[in-house]
Amino acid sequence: MQTATWMFWNTRRYMVSFLAFFGFLMIYVLRVNLSIAIVKMTEKQTVTDVYGNITYIREFDWDTRLQGYVLSSFFYGYIATPLVGGWLAARIGGKRVFGLGIAVTALFTCITPPATRLSIHLLLVIRVIEGLFEGVTYPAINAIMANWAPPLERSRLTTLAYAGSFVGTVLAMPICSIMAERLGWSSLFYVFGVMGLIWYVCWCYVVSDRPEDDNSISDAELKYIKDSLGSVDDNKISHPWKAMLSSPAVWAIITAHCSENWGFYTMITQLPTFMNDALDFDLEKAGFLSALPYFAMATMLVISGQLADCLRAREILGTTQVRKSFTCLAFVCQAIFMTCTACVLKAEVAVSCITLAIGLGGFAWSGFCVNYLDIAPRHASVLFGIGNTVATLPGIISPVLTGHLVRDKTADEWRIVFLIASGFYIVGAIVYGLLASGEQQHWATKVSCSNNKAHDSRDNAPTDVETR
């Protein structure tokens with residue numbers, strides 16, 4: 001089947017990826033809105049009494065350390081469920097797990113404003129619950145892609161879905177900033193919460209877990225997907241836990257995942273505050289400029305996914321070479337630009353360097369993140385759950401650490417934050433470069449069930465160009 005890939009309405013696999021794109025978009029809008037809202041919630045407001053006396057008050061008088069705990073609270077829930085999400089997706093299907101994860105998050109987003117005004121403790125509980133349900137989403141999409149993405153379209157279909165995360169951030173930063181200034185911070189939670197629920201209805205109506213369960217798929221596309229992937233009854237597969245957890249290739253991906261997430265979560269939670277504090281931008285301007293890095297990342301992610309599959313399909317580079325070169329080169333460049341930001345904290349230089357640093361993360365995601373599907377396609381959802389659990393630690397630690405480091409909101413304090421992120425990128429590049437692999441691992445080729453003693457040799461091997 002050779003339907004043009006831009007005509008996604010004629011190819012169900014691209015429709016699935018396209019709707020997953022919007023799902024990830026909603027995930028990140030629902031996640032990022034508090035990073036914008038908290039600036040408005042804690043800023044000083046001028047109040048003039050009847051005698052002309054001017055006083056300054058805050059709606060929520062939270063210091064930087066308390067703000068750090070508020071921003072990190074989401075990740076306390078998020079770290080608990082990726083492995084559960086991967087396991088559930090492998091058992092009951094990624095469609096339900098992915099959809100419910102977003103729907104419940106959207107529902108709790110809608111009740112955030114009244115809960116926050118009642119008690120900061122209620123806000124913390126809600127953010128933890130949102131984290132719990134969002135934690136299942138990334139592993140779940142791997143279960144879906146394992147059934148829908150032919151090996152030589154794996155990078156482009158997966159990165160198209162993931163790109164929604166960064167497009168969501170691009171849209172959230174400026175739009176939420178404008179809404180917070182003109183409609184009040186509460187509007188961010190009501191509007192986007194309702195939009196998330198609308199997306200869930202569309203997702204349930206259109207998407208199926210497997211191509212063979214999709215009533216709208218053509219016979220030609222179904223045959224193409226099944227011939228590319230082979231046929232395995234995933235419900236009867238048991239996961240080789242010991243082999244997975246002792247695999248150097250797995251830990252290479254997890255290390256890279258942690259390194260990328262440290263820089264990403266630091267910026268996604270702190271960038272509006274940094275631009276407001278250190279660069280003296282107002283909230284609306286900070287929101288627009290904060291979106292630039294994520295626009296660059298979304299663009300780079302789609303381009304790098306296409307490029308990765310092109311290099312593999314034409315046998316210019318093997319899978320291992322593509323994953324290593326994309327990830328390691330991106331990390332080294334990100335470290336350089338983060339260091340430049342730390343050394344020259346001037347508005348134009350800082351915005352340019354942060355944009356390049358975050359944007360190049362798109363190439364890293366086309367390396368390490370798709371790598372879960374390369375080394376063990378049948379176990380990818382569980383592996384991603386393990387990796388995302390460990391890689392959530394930066395989301396918990398970074399905002400709290402930043403809150404303790406940036407007490408006086410000076411340029412020197414922010415410089416330390418960027419240098420720490422730079423160090424994580426270097427560590428990730430070294431470990432991934434030494435240990436990563438693009439080959440399906442020996443423990444992933446064994447199907448643990450009585451009536452599947454030998455795995456289908458068509459699965460992943462002949463269509464993937466491996467190490468060269």
Side-chain angles (χ1 to χ4, degrees), residues 20 23-24 26-28 30-32 72-106 108 127-147 158-159 161-162 164-166 168 209 234 237-241 244-245 247 249-265 268-269 361 364-365 368-399 428 444:
F24 280 118
M26 290 310 311
I27 285 171
Y28 265 79
L30 298 175
R31 185 184 303 188
V32 170
S72 69
S73 59
F74 172 92
F75 297 100
Y76 288 102
Y78 191 77
I79 196 173
T81 52
L83 183 55
V84 175
W87 183 84
L88 280 174
R91 294 300 185 277
I92 67 173
K95 171 188 173 178
R96 279 176 283 182
V97 176
F98 186 73
L100 283 172
I102 298 174
V104 175
T105 303
F108 275 90
R127 292 296 287 182
V128 170
I129 293 172
E130 289 177 358
L132 286 170
F133 281 91
E134 276 203 20
V136 305
T137 53
Y138 272 93
I141 208 64
N142 275 273
I144 295 171
M145 289 302 169
N147 293 325
T158 306
T159 54
Y162 288 152
S165 304
F166 312 113
D209 277 306
D234 289 327
I237 293 176
S238 62
H239 303 293
W241 296 103
M244 288 194 299
L245 294 175
S247 171
V250 170
W251 285 102
I253 302 173
I254 292 173
T255 302
H257 204 156
C258 287
S259 298
E260 176 62 24
N261 274 11
W262 185 279
F264 182 76
Y265 285 147
I268 204 170
T269 57
W365 273 66
F368 77 84
C369 205
V370 184
N371 204 188
Y372 288 106
L373 286 163
D374 295 325
I375 65 171
R378 297 187 191 95
H379 310 290
S381 62
V382 170
L383 282 177
F384 198 102
I386 296 170
N388 214 28
T389 298
V390 180
T392 299
L393 288 172
I396 296 173
I397 299 169
S398 177

Just verifying a value: how many Å separate Phe98 CZ and Ile27 CD1, rounded to the nearest 0.5 Å? 4.5 Å
Would you list the atom pairs, donor with acceptor, under 3.5 Å between side chains in residues 249-258 and any protein atom, with sequence neighbours excluded?
from: Trp251; atom 1: NE1; to: Leu245; atom 2: O; distance (Å): 2.6
from: Thr255; atom 1: OG1; to: Trp251; atom 2: O; distance (Å): 2.8
from: His257; atom 1: ND1; to: Tyr372; atom 2: OH; distance (Å): 3.0
from: His257; atom 1: NE2; to: Asn388; atom 2: OD1; distance (Å): 3.3

I'd like to check the side-chain hydrogen bond (donor to acceptor under 3.5 Å, both in side chains) partners of Ser165; sequence neighbours left out, ordered by chain and number. Tyr138
Show the nearest heavy-atom pair for residues Ser259 and Gly428, with the distance to one decimal. OG-CA, 3.1 Å
Residue pair Ala80 / Leu132: nearest heavy atoms and the distance that separates them: CB-CD2, 3.8 Å
Asn261: which residues meet the side-chain hydrogen bond (donor to acceptor under 3.5 Å, both in side chains) condition with it, sequence neighbours left out? none
Just grab all the salt bridge (Lys or Arg N to Asp or Glu O under 4.0 Å) pairs involving residues 379-395, residues at least two apart or on different chains. none
By side chain to side chain contact (heavy atoms under 4.5 Å, CB included), which residues pair with Phe133, not counting sequence neighbours? Val104, Thr105, Ile129
Taking side chain to side chain contact (heavy atoms under 4.5 Å, CB included) as the test, write out the residues that go with Ala376, two or more places apart. His379, Leu383, Trp443, Ala444
What residues form a ring-ring contact (aromatic ring centres under 6.0 Å, His included) with Phe108, not counting sequence neighbours? none
So, using side-chain hydrogen bond (donor to acceptor under 3.5 Å, both in side chains) as the criterion, who are the partners of Ser398 when residues are at least two apart? Thr266
With sequence neighbours excluded, residues passing salt bridge (Lys or Arg N to Asp or Glu O under 4.0 Å) with Glu260: none
Just jot down the side chain to side chain contact (heavy atoms under 4.5 Å, CB included) partners of Ile396, sequence neighbours excluded, or say none. Phe75, Tyr76, Ile79
With sequence neighbours excluded, tell me which residues meet side-chain hydrogen bond (donor to acceptor under 3.5 Å, both in side chains) with Glu134. Arg31
Closest non-hydrogen atom pair between Ala380 and Leu373, with its separation: CB-CD2, 3.5 Å
According to side chain to side chain contact (heavy atoms under 4.5 Å, CB included), who are the partners of Ala20, at least two apart in sequence or on a separate chain? Ile141, Ala161, Trp203
Aromatic ring proximity, centroids under 6.0 angstrom, Tyr162 and Tyr28: no
